[in-house]
Amino acid sequence: AQTVTQSQPEMSVQEAETVTLSCTYDTSESDYYLFWYKQPPSRQMILVIRQEAYKQQNATENRFSVNFQKAAKSFSLKISDSQLGDAAMYFCATSLLSGNTPLVFGKGTRLSVIA
Amino acid sequence: DTGVSQNPRHKITKRGQNVTFRCDPISEHNRLYWYRQTLGQGPEFLTYFQNEAQLEKSRLLSDRFSAERPKGSFSTLEIQRTEQGDSAMYLCASSLGEGALNEQFFGPGTRLTVL
């Protein structure tokens, strides 16, 4: 079974600063995906960034990047140059690499951005 | 195509009543997923479909829950004899089929309140 742990229920960051959200996971699979999803208040969840576990290079999407440490089963999200629109719940999730399988989510981290 | 849609957005019902939710996925997506999200938690997987075939059901899906996707397009989730513990946000997601990039697109959810 796969499990995901997010140990920071809430985080805050000053606008234009950088923040890192933590995530650890456990899986018996050798190949899997890792994801960060963003859920803005009263809006639907959207994918922020995705990492295939067999790829050593950390994924990057504009201001969002990950630090993937496979041996430590750690998958943190770094948001650079934070913007007010980044305020949301952020969920770390994992799924099997076979593709298009159900996601297992953490409990989420609520990010506040201070102007 | 404007994305995954869900109806109704909100549903208030009395304990013991039956409710049905509908999800319309992105038109070319073969896979459709149902998740449940309670306050302060991440989404939890309930069930998913490949076209009209139901591939997997979570242990969370009690006998009072049933899901269908009769023509491989929209899906319905029915809860019979609702209980207060069923109060939650019910999320639907869809994705392309096997072998494609594993990104699930989420709908806005149906918020169920059982009185």
Side-chain angles (χ1 to χ4, degrees), chain A residues 1-10 21-25 27 29 31-55 59 61 75 77 88-111, chain B residues 2-7 9-10 23-26 28-51 53-61 67 88-111:
Chain A
Q2 298 170 298
T3 60
V4 176
T5 302
Q6 293 180 251
S7 59
Q8 305 155 315
E10 296 183 357
L21 308 184
S22 301
C23 172
T24 58
Y25 62 92
T27 180
E29 303 294 327
D31 292 320
Y32 46 91
Y33 282 104
L34 294 162
F35 307 85
W36 280 97
Y37 275 86
K38 171 185 177 181
Q39 189 176 40
S42 301
R43 296 183 63 184
Q44 56 213 74
M45 199 167 316
I46 57 173
L47 179 65
V48 174
I49 198 165
R50 168 181 48 224
Q51 174 86 39
E52 291 92 334
Y54 65 86
K55 291 187 177 178
E61 288 287 343
F75 183 63
L77 174 69
M89 284 291 292
Y90 286 82
F91 293 98
C92 180
T94 185
S95 75
L96 299 178
L97 194 66
S98 58
N100 295 281
T101 54
L103 297 166
V104 175
F105 288 89
K107 291 187 176 182
T109 297
R110 182 176 303 279
L111 178 66
Chain B
T2 56
V4 179
S5 62
Q6 293 186 245
N7 287 289
R9 295 291 306 275
H10 303 273
C23 171
D24 288 89
I26 294 172
E28 66 268 26
H29 284 186
N30 295 324
R31 294 217 168 173
L32 185 148
Y33 311 78
W34 285 99
Y35 295 88
R36 180 172 68 188
Q37 185 177 20
T38 53
L39 201 61
Q41 302 292 321
E44 295 174 297
F45 165 70
L46 293 177
T47 188
Y48 80 118
F49 294 83
Q50 167 78 21
N51 298 316
Q54 191 171 19
L55 296 185
E56 185 179 346
K57 293 191 291 186
S58 162
R59 291 173 300 170
L60 293 175
L61 210 67
M89 176 75 84
Y90 289 83
L91 298 172
C92 176
S94 69
S95 69
L96 290 168
E98 190 86 28
L101 288 176
N102 188 11
E103 178 175 355
Q104 295 182 24
F105 294 82
F106 283 80
T110 295
R111 182 169 296 282

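In what follows, every chain begins at residue 1, and chains take the letters A, B, ... in the order their sequences are listed. FYI, side chains are in, hydrogens and waters are out, and symmetry mates aren't considered; it's all heavy atoms of this structure.
- Of the inter-residue distances, the one linking Tyr37(A) atom OH with Glu103(B) atom CD reads 6.0 Å to the nearest 0.5 angstrom.
- Leu91(B) touches chain A through its side chain: at least one heavy atom from C-beta onward sits under 4.5 Å away, while N, CA, C and O do not.
- Interface remark: Gln6(B) contributes no atoms to any contact with chain A (heavy atom separation under 4.5 Å).
- Across all their heavy atoms, Gly42(B) and Phe91(A) have their closest contact at CA-CE2, 3.4 Å.
- Contact of Gln39(A) with chain B is made through the side chain alone, with heavy-atom distances under 4.5 Å.
- No part of Phe105(B) comes within reach of chain A, as not one of its non-hydrogen atoms sits under 4.5 angstrom from that chain.
- At a threshold of 4.5 Å between non-hydrogen side-chain atoms, the residues Gln104(B) and Ser95(A) do not count as touching.
- Remark: the backbone N or O of Leu103(A) is not paired with any side-chain donor or acceptor of Tyr33(B) at under 3.5 angstrom.
- Taking all atoms of both residues into account, the shortest heavy-atom contact from Gln44(A) to Phe106(B) is NE2-O, 3.0 Å.
- Atom CZ of Phe45(B) sits about 12.0 Å away from atom CD of Gln2(A), to the nearest 0.5 Å.
- How far OG of Ser42(A) is from CZ of Arg9(B): 8.5 Å, rounded to the nearest 0.5 Å.
- Without hydrogens or angle criteria, Glu44(B) side chain to Phe105(A) main chain gives no donor-acceptor distance under 3.5 Å.
- The closest side-chain heavy-atom distance from Tyr35(B) to Met45(A) is not below 4.5 Å.
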